[in-house]
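The structure appears right after this line, and notes come after that.
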Protein chains: 2
Amino acid sequence: MKTTRNTTAKTTILEIIKHSDVALSHTEIQTLSNNICDRVTIYRVLDRLVGEDVIHKIVNLDGTIKYASCHHAHNEVEHTHNHIHFSCEKCHAVTCLDTVEPTFKMPSNYLVKAVNFTLSGLCPSCL
Amino acid sequence: MKTTRNTTAKTTILEIIKHSDVALSHTEIQTLSNNICDRVTIYRVLDRLVGEDVIHKIVNLDGTIKYASCHHAHNEVEHTHNHIHFSCEKCHAVTCLDTVEPTFKMPSNYLVKAVNFTLSGLCPSCL
DNA sequence: ATAATTAATGCAACAATGTTGCGATATATA
DNA sequence: TATATATCGCAACATTGTTGCATTAATTAT
Ligand SMILES: [Zn+2]
Ligand SMILES: [Zn+2]
Ligand SMILES: [Zn+2]
Ligand SMILES: [Zn+2]
């Protein structure tokens, strides 16, 4: 079987994401990592971390992709990322709102498997 | 003042979007328009139509941008696009669900100005 | 109907972002 | 320490979106 390895690039990138209180884009991670590795490597590490369920991918309102660490217990049976994200239109910070759970009624002829909710406006720091 | 003009490109693109029951990307519009105009013109026409509030922009789960016509009455006082979108993971169709209204409770220290909700799963055709 | 104004277009050139192939490197294991 | 192979670096490429400018065409005025 295909195993996964802990490399310096992977460790560094994961630390950067874990220590950030906002979601980070590929470019932001590259800057913060001080070019510790190639641009392509960052893409591949991010894919791996998402696959390992250590971080999750967020699509921002403008279509940019951001990454944040997963704060759930890793032994959950049902593992979803159905929490809301907030995108501040002033400081552009994207944060996970793990406690907010949206409710909605869907027509029965749809099968909903995942939700991706993003709110925008002003965050507490910018309010 | 700067007026807007009705050109063949604009008319054609708007017709394509209006007659589609799913949201369309720039590339899809280009294909459907049979290369009636330059790639850049499509970008500019789409920006104009969004600015005129005739169509609205949707960010799909994968970060791709799609466009759909607005179905609201144009004399509404409050004009928002806070409806849910559904993205089918099989046929990749993105549709507007104008009737579904999500509810949620936000912490008071956030100011929510806009919402962007996308559900994914299987649409009625693929179920 | 014709001329004048300028919004809109086409084209080229560029920037940003993401992907792929492959030889070289480094990690985990024996 | 030796081996297997996951991962990396690099180059090359694809896609998507932007900008500047000369040309074209839609609207308005004459
Ligand atoms: Zn903010
Ligand atoms: Zn999150
Ligand atoms: Zn479908
Ligand atoms: Zn819509």
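These figures come from a predicted structure and were not determined experimentally. Convention: sequence-line order gives letters A, B, ...; per-chain numbering from 1.
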**Report entry** Between C1' of D:dT7 and NZ of A:Lys10, the distance in whole Å
**Finding:** 10 Å
Requested in this report: Can you tell me the distance, in whole Å, between the CD1 atom of B:Ile65 and the P atom of C:dG18?
Outcome: 12 Å
Query raised in the report: With distance as the sole test, does B:Thr11 use its side chain to make a donor-acceptor pair with the main-chain N or O of B:Thr7 at under 3.5 Å?
Result: yes
Query raised in the report: Within this structure, what is the NZ-to-P distance between A:Lys2 and D:dT5, rounded to whole angstrom?
Result: 11 Å
Report summary line: B:Asp62 meets the side-chain hydrogen bond (donor to acceptor under 3.5 Å, both in side chains) criterion, sequence neighbours left out, with B:Thr64
Requested in this report: Determine: side-chain N/O of A:Thr64 to OP1/OP2 of C:dT17, distance under 4.0 Å, yes or no.
Outcome: no
Query raised in the report: Can you check the B:Lys66 NZ to D:dT16 C1' distance for me, whole Å?
Result: 14 Å
Report summary line: Per nearest nucleotide of DNA chain D, the residue lying toward the 5' end, B:Thr27 or B:Asn6, is B:Thr27
Query raised in the report: Any salt bridge between B:Glu101 and A:Lys105, counting N to O under 4.0 Å?
Result: no
Query raised in the report: Can you check whether B:Thr3 has a side-chain N or O nearer than 4.0 Å to OP1 or OP2 of C:dT6?
Result: no
Report task. Verify whether the ring centers belonging to A:Tyr43 and A:His26 lie closer than 6.0 Å. Result -> yes
Report summary line: Rounded to whole Å, the CG-C1' distance (B:Leu49 to C:dA7) equals 15 Å
Report task. Could you tell me whether A:Thr4 contacts a base, only the sugar-phosphate backbone, or nothing, with contacts defined as non-hydrogen atoms closer than 4.0 Å? Result -> sugar-phosphate
Query raised in the report: What is the distance from atom CD1 of B:Ile13 to atom OH of B:Tyr67, rounded to the nearest 0.5 Å?
Result: 10.5 Å
Query - Protein-nucleotide distance (B:Glu52, atom CD; C:dA7, atom P), rounded to Å - result: 14 Å
Requested in this report: Identify whether the distance between the nearest side-chain nitrogen and carboxylate oxygen of B:Glu15 and B:Lys10 falls below 4.0 Å.
Outcome: no
**Report entry** Sub-4.0 Å heavy-atom contacts from residues 36-46 of chain B onto DNA chain D, ordered by number
**Finding:** B:Arg39, B:Val40, B:Tyr43, B:Arg44
Requested in this report: Take the protein atom CD1 of B:Ile29 and the nucleotide atom C1' of D:dT15, then report the distance between them rounded to whole Å.
Outcome: 16 Å
Requested in this report: Would you kindly compare A:Thr8 and A:Asp47 by the position of their nearest DNA chain C nucleotide and give the one closer to the 5′ end?
Outcome: A:Asp47
Query raised in the report: Quick one: NE2 on B:His83 to CG on B:Asn116, what's the gap to the nearest 0.5 Å?
Result: 9.5 Å
Query raised in the report: Roughly, in whole Å, what's the span from CZ in A:Arg5 to P in D:dT5?
Result: 9 Å
